[in-house]
Amino acid sequence: MLHQVPAGETTTRTTCPYCGVGCGVKATVSSGGEVAVAGDEAHPANRGRLCAKGASLAETLSLDDRLLHPTIHGQRASWDEALDLVAERFRATVAAHGPDSVAFYVSGQCLTEDYYVANKLMKGFIGSANIDTNSRLCMASAVAGHRRAFGTDTVPGTYEDLELADLVVLVGSNLAWCHPVLHQRLMAAKAARPGMTIVTVDPRRTATADASDLHLALRPGSDVALFAGLLAHLDAAGAVDRAFEEAHTDGFEAALGAARAVGLSGAAEATGLPETALSAFYDLFARTGRVVTAFSQGVNQSASGTDKVNAILNVHLATGRIGKPGASPFSVTGQPNAMGGREVGGLANQLAAHGNIEDAGDRAAVQGFWGAPTIASRPGLKAVDLFRAVREGRVKALWIMATNPVDSVPGADDVAAALKACPFVVVSDVTAETDTAAYAHVLLPAAAWGEKDGTVTNSERRISRQRRFLAPPGEARPDWWALAEVGRRMGFDGFAYDGPAAVFREHAALSAVMAARGKDFDIGGLKDLTDAAFDGLEPVRWPVPAAGGAAGAEVGREAETGGRFFADGRAFTPNGRLRFVATAPAGVTGSPGRPLILNTGRIRDQWHTMTRTGKTARLMGHIAEPFCEIHPADAAAAGIEAATLVRVDSAHGSVVVRALVTDRQQPGTVFVPMHWTDRLAAKGRVDAVVAPVTDPISGQPALKATPVSVAPFGAAWYGFAVSAARPDTEGCDYFAVARAKGGYRTELAGKTLPKDVPDAARRFLRLPAVGGSLTAVIDEGAGLYRFAAFEGERLIGALWIAPEPVAVSRAFAAERLTDPCARAGAVLAGRPGADRPDTGAIVCTCFDVGVRQIEAAVRDGAALTVDAVGAVLKAGTNCGSCRPELRRIIDGARVPVPA
Ligand SMILES: Nc1nc2c(c(=O)[nH]1)N[C@H]1C(S)=C(S)[C@@H](COP(=O)(O)OP(=O)(O)OC[C@H]3O[C@@H](n4cnc5c(=O)[nH]c(N)nc54)[C@H](O)[C@@H]3O)O[C@H]1N2
Ligand SMILES: Nc1nc2c(c(=O)[nH]1)N[C@H]1C(S)=C(S)[C@@H](COP(=O)(O)OP(=O)(O)OC[C@H]3O[C@@H](n4cnc5c(=O)[nH]c(N)nc54)[C@H](O)[C@@H]3O)O[C@H]1N2
Ligand code: SF4
Ligand SMILES: [Mo]
């Protein structure tokens, strides 16, 4: 099935739906319905660049797995039936058990308009603050840290600052993989100004660490000690900006006292880093005026996340390096609209438009503006507590929108159990193929990226339009509409919007009301946009006050400050002063029987739970299977051999993944990616393992520090298959399935070999259904089996089985699915003949260039620099996402990803 498209070719300027960099995208729809995407040269975030994920967007638009109409208890229903049921169940639950017995769990991937309506409905009309979002797992510690230091949740700096700085410190951020276009901007700035220094603070040697001048591989969780040591050093070195400190800040002495108690030796002890390395970093920081410290989930997702944020903010306040060109702390946001969600107050402890839920005046202002019957007067349940309340029956009706908590919330098996036990679960998604949708009583089909209109705000506070260029398929509708319809059907006034522009105008008007109460978030200048002006809205960074409005003095501030905050020392605290926070060093340790610390996070080419990026063969070519990075010493101690399967166990659950033995991981720690789900692997949901432990201030879970043990899985046999149809993995002890061009590629393994292997192979490849004859080469004694099935000349399936991980070229095998004359002999051999190169795992997804090709070019001397590899093989010359990896391959030390 294809989207319906208008006649003639059209190009629409929109914004990428993935990371918080917020790149502008041009989407061109041909008259035949083909979509092509390119970077938007006019967008200030990316100036035409896109990373591999952005560049592959067109390949994620197929409708094969889309949810096309509402369902109730799995049966197709009309929107009217579904919306009436949702409204009635929420109304009845509130009537019987009070407003706090219902909840919404939404997402930083909602557009601002969706988010605004959700927050308004819950806080102003249902009258509970039980609306939380996956931003709790993502930005909550940054929000809490900002509010402690600035009295408001505001990112002081801009992207340009990373280019202007002489020192960029990346803390707990794998920028090269997670914010690739911002990383490319940084790399380009460094190439133009080689004197710039980049320091990465991360326990793991990441692609970002490879691309930096200094990598501080601190012990997990020890960031507070690192920055406390730095604050003490800045004071001792006379680098504190006394004038700024005295004129504009509070709390310096207390913070310094706590920092001195740590000192250089304490920092060295906590971080495990040599004093010499720390001193070198501290000196560099002290003597460099233009410093940007950018931080992300290695900071936020921690039991001491808020203190980590404030330890970072402290050193910038102490040196007055805040909101100045090239000198600022900078929290990098994750999702495309993480920032927009904070603007509408989408977290359970916020109010709309930077209002404070604890402030009666703010509450009255918001309630009055909405004409709402009520207003939530205390914070609601935060994500982890919210699912606990669902499990305990305190929350009885839950609406989940644009997020997949059964995979992404820690203690994920308990989340699944909670949904199973919940009397009423509504899920709004673009696909029913998620682990969360499986628990929905009502499924609502959402319009996807490219099918809906609205706005998002990126990491540097820039609001950009997402624009529709395709008609929503089936009965899919935008999320704001479903929310407004439920509001209306619950009998509330104030939800009669005729489109997203109307919602945006209301949001902008509310911000002006709140700005008059002294809030910094002010887009009052956009409150009267006509529909046409909303359609044409160019990317704009807030504040955008109305001329002569409450924040009229701010007009022209963008020109003066470059859109930065706090350089003038003016804060949004009650006394208007910036605040230091005395922070307490913390650490993480294993527990008896679970000696290793599990760190989790992202890989370059996948987005979260893979519902979209998992649809493209191109993006699966980079890493196709969940893995556990483990240091050789820990692997040896546990009897784990490279490329075998391992079980990672915590007190909460387990995963079975591929061992990736590498000294990029520090001893005592392991890393498992967050992306795999029950749809794509037998047991790869890492949040089933992660402990639901949270930061006491922000409520953000510590997703990077769970005590675990790792042991061999004990597979008796391993397999690899390629197939035109999705294989039948029923009963497989282990599988990981991924899209390949022309079908699927699957890793598999088992504890005991099936009695009749050829029969099992036939079932696995679905030959009874798809037809085709099976050719086999079997050496039973050696445990070696090779099967290939053809339909005419076309390969429809092949399966290799061995007692060890099978030595088959994955790239070669997968390519045979689209080979018009795949020869059985070559297929069964699992390797190309001498006449054809084996590409190895794909490194450059834009031009399909594999690791072996690059290594060969380097060995031949044909290419010794990243640019030379580009000239010879084109690799790295389009989106550039693979450039850090190219450099590493050239240096002879590629991250060893499975095949
Ligand atoms: N490819 C890709 N890009 C994405 C996403 C995606 O799914 N895929 N998701 C987006 C989203 S929502 C987010 S939030 C961002 C996240 O972007 P990042 O925060 O950059 O990504 P993560 O991989 O979660 O974690 C970053 C690093 O924190 C390190 N770390 C772990 N523990 C510690 C510690 O105690 N201290 C320090 N200093 N570091 C530590 C990890 O080793 C890891 O390398 O990425 C966004 N971009
Ligand atoms: N262990 C561990 N866990 C983590 C993290 C980690 O680093 N480690 N990171 C955390 C972080 S930072 C984040 S942000 C979360 C992300 O985790 P999730 O939010 O759970 O992940 P996604 O896969 O992005 O889920 C988005 C869902 O929305 C659907 N969707 C897409 N577009 C639309 C739309 O327009 N409307 C609707 N209604 N649905 C849509 C998608 O199909 C998908 O099912 O994971 C968190 N969990
Ligand atoms: S860096 Fe990549 S994923 Fe992030 S917004 Fe830009 S194109 Fe999208
Ligand atoms: Mo995130």
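Every number for a ligand or one of its atoms is a count from 1 in the order of the listing.
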Inset, instruction - Could you say whether the N/O atoms of Arg219 and ligand 1 ever approach to under 3.5 Å? - result: no
Inset, instruction - Return a yes/no value for Val201: is any of its N or O atoms, backbone included, closer than 3.5 angstrom to an N or O of ligand 1? - result: yes
Inset, instruction - Would you check the N or O atoms of Asp605, main chain and side chain alike, for any that come under 3.5 Å of an N or O of ligand 1? - result: no
Inset, instruction - Hey, could you give me the OG/CZ distance between Ser222 and Phe227, rounded to the nearest 0.5 Å? - result: 10.5 Å
Legend entry - Short N or O distance, Asp223 and ligand 1, threshold 3.5 Å exclusive: yes
Inset, instruction - Ignoring angles and geometry beyond distance, decide whether Ser222 reaches within less than 3.5 Å of ligand 1 through its nitrogen or oxygen atoms. - result: no
Inset, instruction - Look at atom 7 (S) of ligand 3 and say which protein heavy atom is nearest, naming residue and atom and giving the distance to 0.1 Å. - result: Cys51 N, 3.6 Å
Legend entry - Leu598 and its side-chain contact (heavy atoms from CB on, under 4.5 Å) partner, picked from Val689, Thr669, Val655: Val689
Legend entry - Asp223 and Lys308 ion-paired at < 4.0 Å: yes
Legend entry - Heavy-atom nearest neighbour in the protein, as seen from atom 8 (Fe) of ligand 3, with distance rounded to 0.1 Å: Cys16 SG, 2.3 Å
Inset, instruction - State whether a side-chain donor-acceptor pair under 3.5 Å links Thr333 with Asn458. - result: no
Legend entry - N or O pair under 3.5 Å between Pro203 and ligand 1: no
Legend entry - Option with minimal heavy-atom separation from atom 44 (O) of ligand 1, where the choices are Asp202, Thr613, Thr200, Thr609: Asp202
Inset, instruction - For atom 4 (Fe) of ligand 3, decide whether Cys19 has an N, O or S atom at a distance under 2.8 Å. - result: yes
Inset, instruction - Any atoms of ligand 3 less than 4.0 Å from a non-hydrogen atom of Lys53? List them with their elements. - result: 3 (S)
Inset, instruction - Say whether Cys178, considering both its backbone and side-chain N or O atoms, lies within less than 3.5 Å of an N or O atom on ligand 1. - result: yes
Legend entry - Atoms of ligand 3, numbered as shown, that sit under 4.0 Å from any heavy atom of Tyr18: 3 (S)
Legend entry - Donor + acceptor pair across side chains of Gln700, Thr694 (<3.5 Å): no
Legend entry - Whether Lys53 lies under 4.0 Å from ligand 1, heavy atom: yes
Legend entry - Carboxylate-amine/guanidinium proximity below 4.0 Å for Arg618 and Asp605: no
Inset, instruction - Run the salt-bridge test on Glu41 and Lys26 with the 4.0 Å N-O cut-off and return the result as yes or no. - result: yes
Inset, instruction - Provide, to 0.1 Å, the distance between atom 5 (S) of ligand 3 and the closest protein heavy atom, together with that atom's residue and name. - result: Cys23 N, 3.4 Å
Inset, instruction - Please determine, by modelled atom types, if Ser141 and Asp695 share a side-chain donor-acceptor pair under 3.5 angstrom. - result: no
Inset, instruction - Carefully, step by step, assess Asp453 and Arg468 under the rule salt bridge (charged side-chain N to carboxylate O under 4.0 Å, His left out). - result: CA-CA 5 Å; Asp453 279 300; Arg468 165 177 152 154; 5.1 Å; no
